Amino acid sequence: MSLIAEIAISVLLLVGGAFILVGSWGLAKLPSVMTRLHGPTKATTLGVGACLIASMIYFPVFGGTYSAHELLITLFLFLTAPVSANMIAKAHIYRQGRRIDANPSDDIIDGLPSPPGTSDWATFGGADEGDPTPISVGPEEQQP
């Protein structure tokens, strides 16, 4: 049993280390914000997850104790990484697609479809579902 556990732990650590290395390299070397998002959110998340799973195997087999810390860290990581990447991507699209002198309904980025009506993509000011009032981002855009 311990030989199988050692092999599984070793494979998970090597795979995790490779994913972390590739994700870190992508974060440092890719050219734009949108491409750099994939490094930490995809590859590095999988790498840290593999290392945490290796730790979840190691301690019960060789230490004799089980702890839920690794499982909780893994769940937290897999829940927060996509959400933070989504928020960074939305902020980047929002900043690239808006100019101070532009009409809020104008499409600035080529190839990006215009949002429906007078709203902005995924930035709503109203709390009610279906309220397409855009959030005011400057003094020239006053909500009624």
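In this text the structure is predicted, and so the values were computed from the model without any measurement.
- Proximity of I93 to M34: side-chain heavy atoms (C-beta onward) are separated by under 4.5 Å at one or more points.
- Using a 4.5 Å heavy-atom threshold, the side chains of T45 and F19 count as separate.
- Across I9 and A54, no two heavy atoms sit closer than the pair CG1-O, 3.8 Å.
- Using a 4.5 Å cut-off on side-chain heavy atoms (C-beta onward), I20 and C51 make contact.
- Cluster membership check: M56 shares its hydrophobic cluster with L75, using side-chain heavy-atom separations under 4.5 Å among Ile, Leu, Val, Met, Phe, Trp and Tyr.
- Expressed to the nearest 0.5 Å, how far CG of L72 lies from CG of L77 amounts to 12.5 Å.
- One hydrophobic cluster, built from ILVMFWY side chains closer than 4.5 Å, cannot hold both I73 and Y58; they sit in different ones.
- L21 and L30 end up in different hydrophobic clusters when Ile, Leu, Val, Met, Phe, Trp and Tyr side chains are linked at under 4.5 Å.
- At least one donor-acceptor pair under 3.5 Å links the side chain of S84 to the backbone N or O of A81.
- Residues satisfying the ring-ring contact (aromatic ring centres under 6.0 Å, His included) criterion with F59, sequence neighbours excluded, are absent altogether.
- Around atom CG of L79, more than 12 heavy atoms belonging to other residues, nucleotides or ligands sit under 6.0 Å away.
- The line from CG of L37 to CG of L27 is 9.0 Å long, rounded to the nearest 0.5 Å.
- Considering all non-hydrogen atoms of both residues, E70 and S55 come closest at OE2-OG, 2.9 Å.
- The cluster map of Ile, Leu, Val, Met, Phe, Trp and Tyr, joined by side-chain heavy atoms under 4.5 Å apart, puts I53 and L46 in different clusters.
- Residues S32 and T35 meet the side-chain proximity criterion, which asks for heavy atoms closer than 4.5 Å.
- Of all heavy-atom pairs spanning S24 and T44, the tightest one is N-OG1, 3.9 Å.
- When the side chains of ILVMFWY residues are joined at heavy-atom separations under 4.5 Å, either directly or via intervening members, F78 and I88 end up in two distinct hydrophobic clusters.
- Residues T41 and A85 approach most closely at CG2-CB, 3.0 Å, considering heavy atoms.
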